[in-house]
Amino acid sequence: MGSINDLEFGPITKFPADDLRASQRFITSHNKEGKGIFAVTDNGDHHKVMVNGKGVANIIYSTIGNPVDLNNEVDIQYAKKHEVHTSPLLYFYILLPTHLTSPPPQPGIHIPNGSVVRLIDFAPGVESPLHRAMSIDYGIVVEGEFELTLDSGESRIMKPGDMSVNRATMHKWRNCDQERSGRMLFVLLDCLPFEVLGKTVVQDLGDLEGEYAEGTH
């Protein structure tokens with residue numbers, strides 16, 4: 001399929017991608033007797049088709065503060081509020097004049113002083129642009145094979161079960177399979193401002209900028 005920047009439409013119109021299973025999300029809590037229960041069983045409440053159908057994001061959970069406050073399920077309420085529900089119809093907003101409609105507001109790529117867990121399905125052969133979030137990103141391959149490339153030109157191939165710890169470096173992802181969709185799980189934790197070679201590092205989402213709300217870093 002080539003670069004994510006291509007104008008052609010990708011095959012993804014919903015979560016999950018047609019050739020991947022619908023992963024389930026289980027959120028626990030406590031009942032009136034103080035026993036553990038499953039409070040939520042679903043496929044996630046935020047499904048956003050991205051970049052003309054070349055991917056779909058599914059926010060699994062998000063939190064604010066560290067340590068996280070679990071009293072009175074305030075964390076569940078926060079996650080619900082910040083996991084903006086977007087139907088597959090969002091895919092078709094790009095086909096309509098902007099004066100007729102606009103997509104609902106989206107969460108940022110990461111949460112300042114918080115965390116977000118995001119599942120992303122990549123269309124076959126798709127490659128992201130170089131980008132950087134101001135966060136520590138834990139990336140885990142769930143299905144498929146991916147190439148992680150840094151702005152130095154260094155790259156690594158990642159297979160199911162492989163993990164990356166991206167410390168706010170410029171990077172891009174490529175689904176190595178030209179025939180099948182791939183899936184990755186990302187956990188993004190906010191980080192303090194920092195410098196490299198005397199220059200302040202800043203967020204740079206490149207051509208992904210329009211896919212997320214503006215961050216505060």
(message) For Y61 and D75, which I'm curious about, is there any donor-acceptor pair between the side chains at under 3.5 Å?
(response) yes
(message) Out of the candidates M170, H131, M134, only one should pair with D204 under the side-chain contact (heavy atoms from CB on, under 4.5 Å) rule; please name it.
(response) M170
(message) Measuring from atom CD1 of I76 to atom OG1 of T63, what distance do you get when rounded to the nearest 0.5 angstrom?
(response) 12.5 Å
(message) Just verifying a value: how many Å separate D69 CG and Y78 OH, rounded to the nearest 0.5 Å?
(response) 13.0 Å
(message) Would you say that more than 12 heavy atoms from the other residues, nucleotides or ligands in this model lie under 6.0 Å from the CZ of F26, or not?
(response) yes
(request) State whether a side-chain donor-acceptor pair under 3.5 Å links R183 with S23. (result) yes
(message) As an exercise, state the distance from CD1 of I111 to CG of L188, rounded to the nearest 0.5 Å.
(response) 9.5 Å
(request) May I ask you to test the H82-I64 pair for a side-chain heavy-atom distance under 4.5 Å? (result) no
(request) Kindly compute the distance separating CZ (R132) from OG1 (T169), expressed to the nearest 0.5 Å. (result) 7.5 Å
(message) Salt bridge check, E143 against R180: does any charged N sit closer than 4.0 Å to a carboxylate O?
(response) yes
(request) List the atom of L148, the atom of S164, and the distance in Å for their closest heavy-atom pair. (result) CD2-CB, 3.8 Å
(request) Examine the side chains of D137 and S135 and answer whether a donor and an acceptor come within less than 3.5 Å of each other. (result) yes
(message) Classify the ring geometry of W173 against F146: parallel below 30°, tilted from 30° to 60°, perpendicular beyond 60°.
(response) perpendicular
(message) Please tell me whether D19 and S181 have a donor and an acceptor in their side chains that are separated by less than 3.5 angstrom.
(response) yes
(request) Work out which heavy atom in D177 is nearest to a heavy atom in E179; give both atom names and the distance. (result) OD1-N, 2.8 Å
